[in-house]
Amino acid sequence: MQIHNNLKNLSDVCIVDESYLPACFFLSNYMETAFADRAFSTRYTYAKTLLFIYRYFTDQSIDLVERVESGKFLTAEEYDDFKRHCKYKVEADFENDKSNVVSFERFSDKQLDNLIHASQSTESRASAFTIKERLRLFFGYIEDLYNVFHFANNADKSVRDDFADLELKVKTDIRALKDENTDVSDPFDQAIPDEVFFKILEIIKPASPKNPWTQQVRLRNQLIVDTFIEAGIREGALAGLKISDIKHDHDKPRLLITRTPNDPTDTRKIPAAQKTKAHSSAISHGTMKLLKLYIETERSKYPKAKTHDFIFVSEKGNTRGEPLKLGSINKIIDVLSHAVDFKLHPHLFRHKWNEIFEKRARKAGLTPEQIEDIRKYAMGWVEDSKMSGTYNSFMHAMLVHELSTQRQNESLPAQGESNGDN
């Protein structure tokens with residue numbers, strides 16, 4: 001994939017070949033017309049999924065354009081093979097590739113064999129949501145091709161019937177995945193175990209002898225982790241934070257989490273993006289003081305930092321002073337993962353925020369309705385959001401366990417107490 005600026009000078013993404021030319025005109029046209037009104041982050045996500053699809057069929061020597069134009073589509077066996085392929089996390093090889101160019105190298109027999117037998121491990125299986133997205137975008141592309149070649153050409157009844165059969169098959173498979181639970185993790189597992197969490201709080205302090213970062217970036221990196229923990233925001237929202245978003249009036253330090261799509265001041269190839277509603281997030285007085293210290297003493301060192309308002313900036317190489325990239329934020333967290341011997345990613349801190357919030361809210365005597373209303377605002381969710389269940393399975397499991405234990409204790413006689421049988 002290649003990220004570029006379009007005619008409106010906005011970031012866009014295209015699937016290209018080794019010569020940096022569009023890999024397929026029809027695929028590029030579908031991406032341009034179907035997702036034109038979507039945010040860049042969404043188009044980028046869809047492009048990765050379409051690249052997954054395109055690479056699979058290229059590897060199988062199946063030309064989807066030629067198939068749809070001829071009205072042959074896919075055989076039942078070919079579709080089943082693709083659907084099976086959708087169940088695995090096989091896109092990691094190009095996501096981790098440092099180049100922006102697609103490689104169409106065929107998977108080795110050993111790699112394919114490993115994927116086939118990988119169903120034993122939930123880590124190698126894609127989530128139901130990911131599988132549905134792959135199937136949905138696959139059929140969306142097929143439908144776009146069908147409209148190009150057949151919609152106005154009075155296609156033969158056999159072609160129309162075959163297209164309808166494929167549509168029914170894909171949509172039936174998508175609906176069947178609706179209630180499929182591919183997440184088999186124990187609900188009692190915390191997003192970040194408490195012992196790891198407390199270790200993180202200590203190790204990120206700049207003076208800690210176990211701090212994994214170089215002295216130059218320790219204050220910035222501590223603030224990044226502290227902001228994730230205290231504000232519970234996404235990495236896109238953190239990357240988009242500006243100095244003007246820092247508020248400290250009425251002795252209530254907080255950050256404004258805003259939505260600024262197509263921000264002309266954001267020069268990053270992958271711009272920062274806030275997915276949820278605009279809102280404000282409280283932070284501690286200590287973090288507020290460190291933010292001001294970082295801005296006045298560290299960020300101010302770099303001339304490029306004076307050209308924009310983003311809080312967190314690169315502090316190394318030719319990009320010093322430029323807005324910190326999303327990939328750099330992930331690398332910061334990855335280094336921390338190795339230091340605490342626990343696989344972390346930015347979104348886990350959002351889950352941990354919800355765990356801590358739930359505990360404190362219950363301790364404060366808030367009703368479930370009050371807790372959910374406050375949570376929805378703090379997370380930036382819409383009113384009818386169902387996300388609380390996703391983020392709060394640990395606390396729900398704990399509550400069910402407590403109630404079940406209480407009921408069992410009430411129904412069982414105390415040790416040594418007669419139950420009436422002699």
Side-chain angles (χ1 to χ4, degrees), residues 1-5 10-16 20 38-52 55 89-103 130 200 204 212-214 216-229 231 233-242 257 260-263 265-275 294 298-299 302 304-305 307-340 342-350:
M1 292 190 301
Q2 184 181 41
I3 298 170
H4 63 280
N5 287 342
L10 301 175
S11 293
D12 210 341
V13 60
C14 183
I15 295 175
V16 299
Y20 293 95
R38 301 299 184 95
F40 172 77
S41 58
T42 301
R43 297 200 305 276
Y44 183 73
T45 299
Y46 287 171
K48 288 195 294 185
T49 302
L50 287 168
L51 177 56
F52 167 89
R55 290 186 69 178
K89 296 179 180 178
V90 296
E91 76 275 32
D93 63 316
F94 67 76
E95 283 199 359
N96 293 330
D97 189 356
K98 294 185 181 300
S99 72
N100 286 323
V101 182
V102 180
S103 171
T130 298
I200 291 171
I204 63 174
W213 303 300
T214 61
Q216 180 183 3
V217 297
R218 286 185 177 185
L219 176 58
R220 182 201 64 186
N221 292 358
Q222 178 191 10
L223 279 167
I224 287 173
V225 177
D226 280 341
T227 303
F228 275 135
I229 291 171
I233 57 177
R234 300 173 184 273
E235 59 184 312
L238 183 136
L241 284 174
K242 296 183 176 182
I257 313 302
T260 53
N262 302 324
D263 185 349
T265 68
D266 194 343
T267 57
R268 288 168 285 203
K269 277 193 173 182
I270 302 180
Q274 162 60 5
K275 183 177 179 181
Y294 164 70
E298 296 294 329
R299 186 184 183 279
Y302 309 109
K304 289 183 180 179
T307 65
H308 62 85
D309 196 35
F310 294 100
I311 295 175
F312 297 111
V313 300
S314 170
E315 299 192 25
K316 292 182 179 180
N318 295 329
T319 62
R320 285 182 295 182
E322 295 180 5
L324 194 64
K325 298 177 181 178
L326 291 169
S328 298
I329 294 173
N330 281 291
K331 288 180 181 178
I332 290 168
I333 302 302
D334 190 51
V335 170
L336 183 60
S337 294
H338 292 292
V340 298
F342 184 84
K343 181 59 180 175
L344 298 167
H345 56 80
H347 210 76
L348 278 185
F349 292 109
R350 191 168 168 86

With distance as the sole test, does Arg55 use its side chain to make a donor-acceptor pair with the main-chain N or O of Phe52 at under 3.5 Å?
no
Minimum heavy-atom separation for Gln222 and Trp213, please, with both atom names.
N-CZ3, 4.3 Å
Residues which pass side-chain contact (heavy atoms from CB on, under 4.5 Å) with Thr307, listed by chain and number, not counting sequence neighbours:
none
For Glu322, all residues meeting salt bridge (Lys or Arg N to Asp or Glu O under 4.0 Å), sequence neighbours excluded
Lys304
Roughly how far, to the nearest 0.5 Å, is the CD1 atom of Ile311 from the CG atom of Leu238?
8.0 Å
Could I get the full list of salt bridge (Lys or Arg N to Asp or Glu O under 4.0 Å) partners for Asp266, not counting sequence neighbours?
Arg268
Evaluate the side-chain proximity of Arg234 to Ile257: yes if any heavy-atom separation is below 4.5 Å, no if none is.
no
Using salt bridge (Lys or Arg N to Asp or Glu O under 4.0 Å) as the criterion, list what pairs up with Lys325, not counting sequence neighbours.
none
Euclidean distance, Ile224 CD1 relative to Leu336 CG, rounded to 0.5 Å
11.0 Å
Over all heavy atoms of both residues, which pair between Leu219 and Glu298 is shortest? Give the atoms and the distance, please.
CD2-CG, 4.0 Å
Looking at Gly321, is its backbone amide N or carbonyl O close enough to the side chain of His308 to form a donor-acceptor pair, meaning the two atoms are under 3.5 Å apart?
yes
Could you tell me whether the side chain of Leu324 reaches within less than 4.5 Å of the side chain of Ile332, counting heavy atoms only?
yes
Check whether any side-chain heavy atom of Asp334 lies under 4.5 Å from a side-chain heavy atom of His345, and answer yes or no.
no
Which residues share a side chain to side chain donor-acceptor pair (under 3.5 Å) with Ser337, sequence neighbours left out:
none
Does any N or O in the side chain of Arg220 come within less than 3.5 Å of the main-chain N or O of Tyr294, such that one atom is a donor and the other an acceptor?
no
Inter-residue atom distance Leu326.CG - Glu235.CD, 0.5 Å rounding:
5.5 Å
Can you see which heavy atom on Pro346 is nearest to which on Ile333, and at what distance?
CG-CG1, 4.0 Å
Heavy-atom closest pair, residues Thr265 and Phe310:
O-CE1, 3.7 Å
Distance check, rounded to the nearest 0.5 Å: Leu50 atom CG versus Thr45 atom OG1?
11.0 Å
How long is the straight-line distance from OG1 of Thr227 back to CD1 of Ile233, given to the nearest 0.5 Å?
6.5 Å
Hey, does the side chain of Arg299 reach the backbone of Val313 with a donor-acceptor pair shorter than 3.5 angstrom?
no
Heavy-atom closest pair (Ala272 atom, Gly236 atom, distance to 0.1 Å) is CB-O, 3.4 Å
Do you know which of Leu223, Ile329, Leu344 makes side-chain contact (heavy atoms from CB on, under 4.5 Å) with Phe228?
Ile329
Write out all pairs satisfying salt bridge (Lys or Arg N to Asp or Glu O under 4.0 Å) with one or both partners inside residues 309-319, taking only residues at least two apart or from two chains.
none
